[in-house]
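As the structure is a computational prediction, the values presented were derived from the model and not from experiment. Residues take their numbers from the sequence shown, with the count starting at 1.
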Amino acid sequence: MAKGPIPSVFIDGEAGTTGLQIRERLARFPGIALRSIPDAQRKDAEAKRALMAEVDLVVLCLPDAAAKESAAMAQALGADAPKLIDASTAHRVDPDWVYGFPELNAAQAAAVAGATRVSNPGCYPTGGIALIRPLVEAGLLPPDYPVTVNAVSGYSGGGKQMIAEFEPTRSAAPFFLYGLNLEHKHVPELQKYGALTRRPVFVPSVGDFAQGMLVSLPLHLDLLNGKPTPADLEACLRAAYAGSGWVRVEAADAKARLAPEELNGSNFLELRIYGNAALGQAVLVAKLDNLGKGASGAAVQNIGLMLGVDVSAALPLAA
């Protein structure tokens with residue numbers, strides 16, 4: 001039961017990139033009450049604790065260490081503790097937190113709906129896991145397959161510091177790879193929820209555009225179980241997401257250029273299978289808004305599940 005006339009949400013860290021977009025989405029939605037701490041009390045722990053006790057759900061849009069502190073503060077409230085969604089990486093592979101990708105499998109949406117603590121997925125893993133997990137569960141992709149995931153994101157994924165390198169100075173290179181020590185913080189999440197037993201190689205990159213994302217998974221078909229064709233892989237993904245409102249499998253046009261920005265402002269995730277059966281190769285590609293289904297859109301989707309509220313009208317940003 002809500003603590004007020006309608007469910008209430010406090011975004012801890014609402015001034016950050018993800019927090020701002022969550023707030024923008026929910027501000028247009030009358031079914032949820034947004035609560036905030038006055039600017040003068042932003043660093044007042046008692047004011048935060050008091051507000052947490054009054055609301056139904058808190059979204060943590062904070063650095064990892066701060067997210068852990070706020071989560072501990074909320075949980076210490078006992079019977080008054082709010083439900084939590086953590087948008088940081090602090091709890092992504094914590095077994096005590098439910099992973100907030102409702103499309104992960106048939107049971108995950110119900111798990112999110114019944115949870116008190118949900119870890120919001122990372123943007124890169126959202127695309128990678130969406131491609132990998134159904135193939136593993138169907139027995140097509142061996143869990144120990146040497147997976148490589150390549151991805152490019154808009155610079156907003158790097159937060160305020162990276163945004164400042166592109167706006168307005170353009171001091172950063174127009175395109176660059178990073179995380180080349182192969183220890184990117186999204187790898188454990190990608191491996192765990194991709195149901196992989198071998199650590200994947202993940203190579204992220206950033207382009208000179210604000211938001212949008214492409215995540216690609218190259219595969220050698222003769223190394224997969226049963227040596228499936230590209231059509232078999234597409235059929236597997238279509239079956240996995242047949243009932244999803246936000247993940248869709250689209251026909252792949254190998255002659256077209258696939259741009260990362262086409263889903264910006266939405267909560268959609270599009271999957272495509274590009275393959276050459278004669279060569280025995282395929283490249284699977286996920287396209288999403290890194291700030292939509294990859295961050296704030298996913299958070300709003302999880303808020304709706306956890307509070308039992310249909311938030312579909314709040315998921316796209318206003319045109």
So how far is it from K227 NZ to L140 CG, rounded to the nearest 0.5 Å? 14.5 Å

Spatial distance of atom CD (E14) from atom CG (L26) [nearest 0.5 Å]: 11.0 Å

Between K3 and M52, what is the shortest heavy-atom contact and its length? NZ-O, 3.9 Å

Verdict with reasoning, D86 to S119, per side chain to side chain donor-acceptor pair (under 3.5 Å): CA-CA 5 Å; D86 184 8; S119 59; over 6 Å; no

Using 4.0 Å as the upper bound for N to carboxylate O, is an ion pair formed by E54 and R35? yes

Check: N120/N302 side-chain N/O donor and acceptor closer than 3.5 Å: yes

Which heavy atom of A299 sits nearest a heavy atom of I85, and at what distance? O-CD1, 3.8 Å

Polar side chain donor-acceptor pair, T89 to D64, under 3.5 angstrom: yes

Take V98 and R117, measure what side-chain contact (heavy atoms from CB on, under 4.5 Å) needs, and give me the verdict at the end. CA-CA 6 Å; V98 172; R117 293 179 293 177; over 6 Å; no

Donor-acceptor under 3.5 Å (S8 side chain, D56 main chain): yes

Can you tell if the side chain of Q281 reaches within under 4.5 Å of the side chain of L219, non-hydrogen atoms only? no

Kindly give the heavy-atom pair with the smallest separation between A81 and A74, and that separation in Å. CB-O, 3.2 Å

So that I can tick it off, tell me whether E137 and R133 are bridged by a salt bridge, with the cut-off set at under 4.0 angstrom between side-chain N and carboxylate O. yes

Quick one: do the E189 and Y124 side chains pair a donor with an acceptor below 3.5 Å? no

CG (L279) and NE2 (H220) are apart, to the nearest 0.5 Å, by 11.0 Å

Any side-chain to backbone donor/acceptor pair from T197 onto P143? Under 3.5 Å, distance only. yes

Cut-off 3.5 Å, side chains only: do R23 and S296 have a donor facing an acceptor? no

Are R92 and K192 packed together at the side-chain level, in the sense that at least one heavy-atom pair is separated by less than 4.5 angstrom? no

Hey, what do you get for CD (E103) to CD1 (I129), rounding to the nearest 0.5 Å? 11.5 Å

Kindly say whether N150 contributes a backbone atom to a donor-acceptor pair with the side chain of S216 at under 3.5 angstrom? yes

Side chains of M73 and E69: does their closest heavy-atom pair fall under 4.5 Å? no

Give a yes or no on whether a salt bridge exists between E270 and R248, defined as a side-chain N under 4.0 angstrom from a carboxylate O. yes

When clusters are formed by joining ILVMFWY residues with side-chain heavy atoms under 4.5 Å apart, either directly or through shared neighbours, do Y274 and L223 land in the same one? no

Heavy-atom closest contact (A138 atom, C236 atom, distance): CB-SG, 3.6 Å

Measure the spacing between CZ of R25 and CD1 of I32 and express it to the nearest 0.5 Å. 13.0 Å

For S156 and L291, run side-chain contact (heavy atoms from CB on, under 4.5 Å): C-alpha distance rounded to whole Å, both residues' side-chain angles, the deciding distance at 0.1 Å, then the answer. CA-CA 8 Å; S156 60; L291 295 182; 3.5 Å; yes

Between K293 and Q301, is there a side-chain donor-acceptor contact under 3.5 Å, judged purely by atom types and distance? yes

Answer yes if L34 and L315 sit in the same cluster of Ile, Leu, Val, Met, Phe, Trp and Tyr residues linked by side chain heavy atoms under 4.5 Å apart, and no otherwise. yes

Taking I132 as the starting point, is it possible to reach V187 by hopping between hydrophobic residues whose side chains are less than 4.5 Å apart? yes

H91 vs K68 side-chain heavy atoms within contact, under 4.5 Å: yes

For A130 and L271 the tightest heavy-atom approach is O-CD1, 4.0 Å

Dump the intermediate steps for side-chain contact (heavy atoms from CB on, under 4.5 Å) on L258 and R272, then the final yes or no. CA-CA 10 Å; L258 194 59; R272 289 174 173 80; 4.1 Å; yes

Evaluate the side-chain proximity of T148 to P200: yes if any heavy-atom separation is below 4.5 Å, no if none is. no

Are the side chains of V283 and L217 in contact, using a 4.5 Å heavy-atom criterion? no

Hey, mind stepping through E24 and R28 against salt bridge (charged side-chain N to carboxylate O under 4.0 Å, His left out) and telling me if it holds? CA-CA 7 Å; E24 184 178 351; R28 298 179 289 104; 5.6 Å; no

Taking the side chain as everything from C-beta on, heavy atoms only, tell me whether V206 gets closer than 4.5 Å to F175. no

Do the side chain of N225 and the main chain of L141 share a donor and acceptor less than 3.5 angstrom apart? no

If you apply the rule side-chain contact (heavy atoms from CB on, under 4.5 Å), what do you find for D253 with K255, and how did you get there? CA-CA 5 Å; D253 179 359; K255 295 182 179 180; 3.6 Å; yes

Quick one: do K48 and D12 make a salt bridge, cutoff under 4.0 Å? yes

Return yes if some donor-acceptor pair links the side-chain N/O of S205 with the main-chain N/O of A151 below 3.5 Å, else return no. yes

Point-to-point distance, once rounded to the nearest 0.5 Å, from CG of L224 to CG of L135: 7.5 Å

To check you understand the geometry: which heavy-atom pair defines the closest contact between I6 and P30, and what is its length? CD1-O, 3.5 Å

Aromatic ring pairing Y99/Y193, orientation class (parallel under 30°, perpendicular over 60°, tilted between): parallel

Expected output: side-chain S266 to main-chain L263 donor-acceptor under 3.5 Å: yes

Linking I/L/V/M/F/W/Y whenever their side-chain heavy atoms sit closer than 4.5 Å, directly or via other members, would L221 and L131 fall into one cluster? yes

Cluster link Y241 to L288, ILVMFWY, side chain under 4.5 Å: yes

Just to verify, which of N290, D289, T17 counts as forming a side-chain hydrogen bond (donor to acceptor under 3.5 Å, both in side chains) with Q211? D289

Over 60° means perpendicular and under 30° means parallel, so tell me whether F268 and W246 are parallel, tilted or perpendicular. tilted

Within a strict 4.5 Å, meaning less than it, do heavy atoms of the Q21 and V300 side chains meet? no

